[in-house]
Undergrad: 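First, the structure itself, so that you have it in front of you.
Owing to the predicted nature of the structure, the values given are computational and were not obtained by experimental measurement. Position 1 is the first residue of the sequence; numbering continues from there.
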Amino acid sequence: MAHLFLVKDIAFQAGLSTATVDRVLNGRPGVRQQTEMRVKAAIAELEKQQAGAMGSGRTLAIDIVMETPQRFSDAVRAAFEAEIAAFLPGVFRCRFHFAEVMKPVEMVQLLDRIRLRGTDGIVLKAPDVAEVAAAVARLDAAGIPVVTLVTDLPNSARIAYAGADNRAAGETAAYLIGEVLGNRGGKVLVTLSSGRFRGEEEREIGFRRIIRAHYPEIGISEISEGHGADAATGTLAAAALAADPTINAVYSIGGGNRAVLSAFDADRRPVGVFVAHDLDADNRALLSARRIGFVLHHDLRTDARSAFRAIMSRAQTSGRTVAASLSSVEIVTPYNIPTGD
């Protein structure tokens, strides 16, 4: 089956595994006709997208707007820049707007400035508050598509969400911690960067549900509003440890992991199990040093590809596009750290 695309791109478009697509492309036995048709349809759609993009002669300039700690924004920038080179090279150009802390009014002002200046699309990581949703509505009314990244704004006019299933990620964290602590019980320190982000809230909801249903002997202590910054998160963690001698585990939703570990060290308290999110530079180092046990990781390049496709589709048609699938969550240990993004 002739094609010009990477197996992972065909698999993403078809909603199949790369192994299944590889079997179809190489004519191996054991493949259903319906599956083969899905692969052919995916290749045809990719060819259509490529022809439309190249035929228009346009470069789509998009804006990536995020409130997030620098360690995560660095990972996002690397993922988008790598995907730009691989995904129909020359079609997309990205402008990055990152801040570690941004008040809602500042986020709204930035989105309104981009709307007035003009853009082919916005990829947005922002708090789920009414002011931001209203700014997204103004962008949509101006014909500018918005794709939310890693944390959703489900009640807004965004055209798609690119990211993982955050509730399932929280449930996975609860399972890992519950199985490690076992009958010892104890209490988990759950750290959020801010309660304003829907993605973090979904992770916490999933975590609490599984702990409550399957590990009732394990308690939960929560800290929030450290914004993933080491100084603020460390102060909050130290206060929580001083107030509760039963805390013996960590589920880090919002980052600041070095500071959290330093708080445990200062209190001369061991960490029974530590589950974090995202393979940024800090977490890679902490995982390699076995300071944390598990990282729940999803491929940011998959998210970038999903965002590009949604914006490209909206640019070529007037229809509203919604991302077909979520990026999968991988459990990374010190023994299976990926070599690259």
Side-chain angles (χ1 to χ4, degrees), residues 1-62 64 76 78-94 120-123 143 145-150 152 158-165 168 297-330 338-341:
M1 190 180 298
H3 66 93
L4 300 173
F5 306 101
L6 297 174
V7 170
K8 66 177 182 178
D9 289 332
I10 300 171
F12 184 90
Q13 185 70 31
L16 299 169
S17 70
T18 54
T20 298
V21 171
D22 184 71
R23 286 201 301 273
V24 173
L25 296 176
N26 289 285
R28 297 193 181 99
V31 178
R32 294 184 301 170
Q33 184 179 11
Q34 182 181 12
T35 301
E36 185 176 348
M37 291 174 62
R38 284 177 66 180
V39 172
K40 289 181 177 179
I43 292 173
E45 178 59 29
L46 289 171
E47 290 172 342
K48 178 181 176 182
Q49 291 179 6
Q50 185 178 54
M54 298 305 185
S56 69
R58 290 182 61 194
T59 294
L60 299 178
I62 65 175
I64 319 297
V76 169
F80 272 79
E81 289 178 343
E83 199 59 30
I84 285 171
F87 183 92
L88 303 183
V91 173
F92 283 98
R93 179 167 59 86
C94 292
D120 291 306
I122 291 178
V123 179
V146 175
V147 177
T148 50
L149 180 71
V150 304
D152 200 10
R158 59 95 168 120
I159 65 165
Y161 165 66
D165 183 333
H297 172 64
H298 71 279
D299 185 12
L300 289 170
R301 287 191 60 174
T302 297
D303 296 341
R305 198 177 315 134
S306 180
F308 288 164
R309 285 193 173 134
I311 291 171
M312 179 183 290
S313 180
R314 182 65 177 267
Q316 293 173 352
T317 69
S318 59
R320 183 170 296 277
T321 303
V322 177
S325 59
L326 299 170
S327 51
S328 60
V329 174
E330 179 183 3
T339 56
D341 293 330

Undergrad: Please check this pair: side chain of Y161 against backbone of V150, looking for a donor-acceptor N/O pair closer than 3.5 Å.
TA: yes
Undergrad: Roughly how far apart are L326 CG and T302 OG1, rounded to 0.5 Å?
TA: 11.5 Å
Undergrad: Once you round to the nearest 0.5 Å, how far does OG of S328 lie from CG of D165?
TA: 11.0 Å
Undergrad: What do you reckon, is CZ of R32 surrounded by more than 12 foreign heavy atoms closer than 6.0 Å?
TA: no
Undergrad: Would you check if the side chain of D120 reaches a backbone N or O of A61 as a donor-acceptor pair within less than 3.5 Å?
TA: yes
Undergrad: Once you round to the nearest 0.5 Å, how far does CG of L300 lie from CZ of F80?
TA: 8.0 Å
Undergrad: Looking at R301, is its backbone amide N or carbonyl O close enough to the side chain of D299 to form a donor-acceptor pair, meaning the two atoms are under 3.5 Å apart?
TA: yes
Undergrad: State, to 0.1 Å, how close H298 and G163 come at their nearest heavy-atom pair, and which atoms those are.
TA: NE2-CA, 4.4 Å
Undergrad: How many angstroms lie between CD1 in I62 and CZ in F308, if you round to the nearest 0.5 Å?
TA: 4.5 Å
Undergrad: Which is it for V24 and I10 under the side chain to side chain contact (heavy atoms under 4.5 Å, CB included) test, yes or no, and what are the steps along the way?
TA: CA-CA 11 Å; V24 173; I10 300 171; over 6 Å; no
Undergrad: Roughly how far, to the nearest 0.5 Å, is the CZ atom of R305 from the CE atom of M312?
TA: 12.5 Å
Undergrad: List the steps, then state whether side chain to side chain contact (heavy atoms under 4.5 Å, CB included) holds for I43 with V21.
TA: CA-CA 11 Å; I43 292 173; V21 171; over 6 Å; no
Undergrad: Do you know which two heavy atoms are closest between V147 and A310, and how far apart they sit?
TA: CG2-CB, 4.0 Å
Undergrad: Distance check, rounded to the nearest 0.5 Å: L149 atom CG versus I64 atom CD1?
TA: 7.5 Å
Undergrad: Is any side-chain heavy atom of T20 closer than 4.5 Å to a side-chain heavy atom of V31?
TA: no
